[in-house]
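Quick notes on the structure that follows.
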Amino acid sequence: MDFINSVLVFLHLLGMAGIIAGFMLQLIAGHAAGPKSILHSSLLQLVTGLLLTGLAEMGDGPVDHAKIGVKLVVALAVTVVAILDVRRPDKRLAITAGALAVVNVAVAVFV
Ligand code: HEM
């Protein structure tokens, strides 16, 4: 179980990096792959985040449902913004998605 948890955290961190990488690709280089990177990475965050939560629920320790709830809402917002950005690329959408992802990192680390 520990190994599966580590694999999921590994993918979860790569997903976070993917959102930031997509944000930078679009913002700095105006590259067309930016919005797709943000979208695919946000979906990876949703899947790995929910699986991590499921593993935590199966464990003995307490699970902070308020924290998970906030992260879920923010991650869903990133996904919606990313879908809009794929449909009609706009740097303001990339900035919004990147900022929301950073908010979720702060929630993960400080809350
Ligand atoms: C934009 C989306 C997200 C970002 C950027 C993000 C970021 C992070 C980061 C950086 C960590 C590592 C924290 C640490 O090890 O101290 C983490 C852990 C975690 N995240 Fe997320 N997250 C996102 C979405 C989600 C979602 C949607 C859920 C669940 C619904 C979730 C659930 C978790 C859980 C349970 C952990 C703890 C893993 C562990 O330490 O065992 N995350 N997240």
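The shown structure was predicted, so the numbers you read here are calculated from the model rather than taken from an experiment. Just so you know, ligand 1 is whichever comes first in the structure, and atom 1 is the first atom listed for that ligand. Heads up: numbering here begins at 1 and tracks the sequence.
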With Asp64 via salt bridge (Lys or Arg N to Asp or Glu O under 4.0 Å) - residues at least two apart:
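With sequence neighbours excluded, Asp64 shows a salt bridge (Lys or Arg N to Asp or Glu O under 4.0 Å) to no residue whatsoever.
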Put together the list of close N/O pairs, under 3.5 Å, between ligand 1 and the protein, could you?
| residue | atom | partner | partner atom | Å |
| --- | --- | --- | --- | --- |
| ligand 1 | 20 (N) | His12 | NE2 | 3.0 |
| ligand 1 | 20 (N) | Lys71 | NZ | 2.6 |
| ligand 1 | 22 (N) | His12 | NE2 | 2.8 |
| ligand 1 | 22 (N) | Lys71 | NZ | 2.8 |
| ligand 1 | 41 (O) | Asn5 | ND2 | 3.4 |
| ligand 1 | 42 (N) | His12 | NE2 | 2.9 |
| ligand 1 | 42 (N) | Lys71 | NZ | 2.9 |
| ligand 1 | 43 (N) | His12 | NE2 | 2.9 |
| ligand 1 | 43 (N) | Lys71 | NZ | 2.5 |

same_hphob_cluster(Leu8, Val109) at 4.5 Å side-chain heavy-atom cutoff
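Yes, same cluster.
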Cluster question for you: counting only ILVMFWY and a side-chain heavy-atom cut-off of under 4.5 Å, with indirect links fine, are Leu55 and Val9 together?
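In one cluster: yes.
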Could you tell me whether the side chain of Ser37 and the main chain of Ala33 form a donor-acceptor pair under 3.5 Å?
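Here the side-chain-to-backbone pair does not exist.
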If you count heavy atoms of other groups shown closer than 6.0 angstrom to NE2 of His12, is the number above 12?
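It does: His12 NE2 has more than 12 such atoms within range.
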Closest heavy-atom pair and its distance - Leu25, Gly34:
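Smallest interatomic distance, heavy atoms only, reads CB-CA, 4.0 Å.
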